[in-house]
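Everything below concerns the one structure shown next.
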Amino acid sequence: METDAETAAKRLLGCELVHEVEGHRLRVRIVETEAYDEADPASHTHRGRTARNDAMFLSAGHAYVYLIHGLHHCMNVVAGFEGHGCGVLIRAAEPLEGLAEMERRRGRGGAELTNGPGKLCQAMGITLPMREHDLGEPPLILIRRSPVDQDQIVVTRRVGIAKNADAPRRFYLRGDPWVPRPWTT
DNA sequence: GAAAAGATCTTCT
DNA sequence: GAAGATCTTTTCC
């Protein structure tokens, strides 16, 4: 399971994320990811291990959740071996199960449900306490799927960052309607 | 110890 | 298309 961040980011495309909360089963399929690791100036782990990014240094398959701009959550899947700060940001997903509950949590529906890191976490009910959670255990589980075809994956520069912005480390499924529109090529 | 920026989203013009 | 919301972490006196 342990790999470099870019390989993990590509492998996560098409995988499913399930969160069982308050009697609801929320299930999505990952369609857009970004890779981050210690050698990357844009990564939270670039300046070493701290109290905030500690989860990123756990073994592969853990969750790293953080608060951005004081009001939105973002979720990463840790990719590397214990002690290596690399992981994958989940940027967008396709809702598969629990649509009504996600719409209730978001206060919106349709394409606005899960087409962004903050929106996805709000729809899925993923918050700070899920930091350092093992994604092999309930209530939040990552379901591995066989990797999608290489020619289904589009690689571009990442979104919304200032440092190392030109690095081609963002991956999404070609033509998928749940990938945010302006970036879909 | 103080100030600024940040892997974002929503609302208003 | 631009700015506001809102708070943690980092950086610079």
Side-chain angles (χ1 to χ4, degrees), chain A residues 3-13 15 17 26 28 30-58 60-80 84-95 102-133 135 140 142 153-173 178-184:
Chain A
T3 62
D4 61 280
E6 294 184 21
T7 303
K10 285 185 274 193
R11 284 214 46 175
L12 281 171
L13 291 174
C15 293
L17 206 54
L26 308 176
V28 299
I30 298 168
V31 299
E32 184 188 6
T33 59
E34 283 181 1
Y36 291 89
D37 61 44
E38 288 176 78
D40 184 352
S43 172
H44 288 173
T45 60
H46 182 58
R47 286 184 175 72
R49 196 166 183 164
T50 66
R52 173 167 75 145
N53 64 28
D54 190 67
M56 278 278 263
F57 291 83
L58 298 175
H62 286 260
Y64 165 48
V65 181
Y66 67 94
L67 195 59
I68 184 68
H69 286 65
L71 62 146
H72 296 293
H73 298 278
C74 293
M75 178 191 161
N76 293 245
V77 177
V78 180
H84 288 246
C86 72
V88 178
L89 171 71
I90 310 300
R91 285 196 59 87
E94 170 189 3
M102 291 189 202
E103 289 176 1
R104 187 187 69 76
R105 290 172 178 276
R106 288 274 301 127
R108 279 174 184 69
E112 297 297 307
L113 211 48
T114 54
N115 62 348
K119 301 175 190 177
L120 175 64
C121 285
Q122 187 183 8
M124 287 291 285
I126 296 171
T127 51
L128 280 183
M130 302 309 287
R131 174 192 303 234
E132 307 203 352
H133 174 72
L135 292 172
L140 183 61
L142 178 68
I153 299 176
V154 184
V155 184
T156 69
R157 64 175 53 187
R158 289 171 295 187
V159 176
I161 58 175
K163 303 169 195 160
N164 202 16
D166 289 336
R169 310 194 74 188
R170 168 172 166 263
F171 308 88
Y172 64 87
L173 294 178
W178 290 95
V179 176
R181 269 243 248 93
W183 308 319
T184 313

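Throughout, a chain's letter reflects where its sequence line sits, starting with A, and its residues are numbered from 1. Every value quoted in this text rests on a predicted model; they were computed, and no experiment measured them.
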Measure the spacing between CG of A:Leu12 and CD1 of A:Ile30 and express it to the nearest 0.5 Å.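 Here the interatomic distance stands at 5.0 Å.
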
Return a table of donor-acceptor pairs under 3.5 angstrom between the side chains of residues 157-164 of chain A and protein atoms on other chains or two or more places apart.
unit_1   : atom_1 : unit_2   : atom_2 : d
A:Arg157 : NH1    : A:Asp166 : OD1    : 3.2
A:Arg157 : NH2    : A:Asp166 : OD1    : 2.8
A:Arg158 : NH1    : A:Ala35  : O      : 2.9
A:Arg158 : NH1    : A:Asp40  : OD2    : 2.5
A:Arg158 : NH2    : A:Asp40  : OD1    : 3.4
A:Arg158 : NH2    : A:Asp40  : OD2    : 2.9
A:Arg158 : NH2    : A:Asn164 : O      : 3.4
A:Asn164 : ND2    : A:Asp40  : OD1    : 3.0

N/O donor-acceptor pair under 3.5 Å between A:Thr45 side chain and A:Gly85 backbone: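 Checked: pair present.
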
Could you work out, with side-chain contact (heavy atoms from CB on, under 4.5 Å) as the rule, every residue matching A:Leu67, not counting sequence neighbours?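 Once residues adjacent in sequence are excluded, the partners of A:Leu67 under the side-chain contact (heavy atoms from CB on, under 4.5 Å) criterion are A:His73.
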
Base, sugar-phosphate alone, or nothing: which one does A:Arg169 contact when heavy atoms must sit under 4.0 Å apart?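 If one applies the 4.0 Å heavy-atom cut-off, A:Arg169 turns out to touch nothing in the nucleic acid.
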
Ion pair A:Glu6/A:Arg169, N-O distance below 4.0 Å: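 A salt bridge links A:Glu6 with A:Arg169.
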
Is the shortest side-chain N to carboxylate O distance from A:Arg91 to A:Glu34 below 4.0 Å?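 Looking at A:Arg91 and A:Glu34, the cut-off is met.
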
Say you pick atom C1' in C:dG1 and the same atom in B:dA7; how far apart are they, in whole Å?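 So the two C1' atoms sit 22 Å from each other.
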
Atom P, compared across C:dT6 and B:dA2: separation rounded to whole Å: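 Nearest-Å result for C:dT6 against B:dA2 at atom P: 23 Å.
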
Does anything in residues 112-132 of chain A come within less than 4.0 Å of DNA chain B? Heavy atoms only, and list the residues if so.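 Listed by number, they are A:Gly116, A:Pro117, A:Gly118, A:Lys119.
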
Considering residues at least two apart in sequence or located in another chain, which fulfil the side chain to side chain donor-acceptor pair (under 3.5 Å) criterion with [X]?
X	answer
A:Arg131	none
A:Thr33	none
A:Thr3	none

Please table the atom pairs, donor to acceptor, closer than 3.5 Å between any side-chain atom in residues 110-127 of chain A and protein atoms at least two apart or in another chain.
unit_1   : atom_1 : unit_2   : atom_2 : d
A:Glu112 : OE1    : A:Lys119 : NZ     : 3.4
A:Thr114 : OG1    : A:Ala93  : O      : 2.6
A:Asn115 : OD1    : A:Lys119 : NZ     : 3.1
A:Asn115 : ND2    : A:Ala111 : O      : 3.0
A:Gln122 : OE1    : A:Arg106 : NH1    : 2.8
A:Gln122 : NE2    : A:Arg105 : O      : 3.1

Heavy-atom closest pair, residues [X] and [Y]:
X	Y	result
A:Leu142	A:Cys15	CD1-CB, 4.3 Å
A:Leu89	A:Tyr36	CB-CE1, 3.9 Å
A:Ala60	A:Ala79	CB-O, 3.1 Å

Contacts to DNA chain C from residues 84-95 of chain A, heavy-atom cutoff under 4.0 Å, which residues?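 None - not one residue of the stretch has a heavy atom sitting under 4.0 Å from the strand.
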
Nucleic acid contacts - residues 44-52 of chain A versus DNA chain C, non-hydrogen atoms under 4.0 Å: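 Residues of residues 44-52 of chain A under 4.0 Å from DNA chain C: A:Arg47, A:Thr50, A:Arg52.
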
As a check on the pairing definition, encode DNA chain B in dot-bracket form, counting Watson-Crick and G-U wobble pairs whose two distances are under 3.5 Å, and using | for partners outside this strand. ||||||.|||||.

For residues 48-57 of chain A, which side-chain donor-acceptor pairs fall under 3.5 Å, sequence neighbours excluded?
unit_1  : atom_1 : unit_2  : atom_2 : d
A:Arg49 : NE     : A:Asp54 : OD1    : 2.6
A:Arg49 : NH2    : A:Asp54 : OD1    : 3.2
A:Thr50 : OG1    : A:Arg52 : N      : 3.4
A:Thr50 : OG1    : A:Asn53 : N      : 3.4
A:Thr50 : OG1    : A:Asn53 : OD1    : 3.4
A:Thr50 : OG1    : A:Asn53 : ND2    : 3.4
A:Asn53 : OD1    : A:Thr50 : N      : 2.8
A:Asn53 : ND2    : A:His44 : O      : 3.0
A:Asn53 : ND2    : A:Gly48 : O      : 3.0

Quick one, A:Glu132 with A:Leu58, criterion side chain to side chain contact (heavy atoms under 4.5 Å, CB included). Give me CA distance, side-chain angles, the key distance, then yes/no. CA-CA 8 Å; A:Glu132 307 203 352; A:Leu58 298 175; 3.9 Å; yes

Using whole Å, what does the distance between atom C1' of nucleotide C:dT8 and atom NE2 of A:His73 come to?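 Answer to the nearest Å: 12 Å.
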
Short heteroatom pairs, N/O only, protein and nucleotides 2-7 of chain C, under 3.5 Å:
unit_1 : atom_1 : unit_2  : atom_2 : d
C:dT6  : O2     : A:His69 : O      : 2.6

Starting from the 5' end of DNA chain B, give me the residue, A:Arg106 or A:Lys163, whose nearest nucleotide shows up first.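 Looking at DNA chain B, the more 5' nearest nucleotide goes with A:Lys163.
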
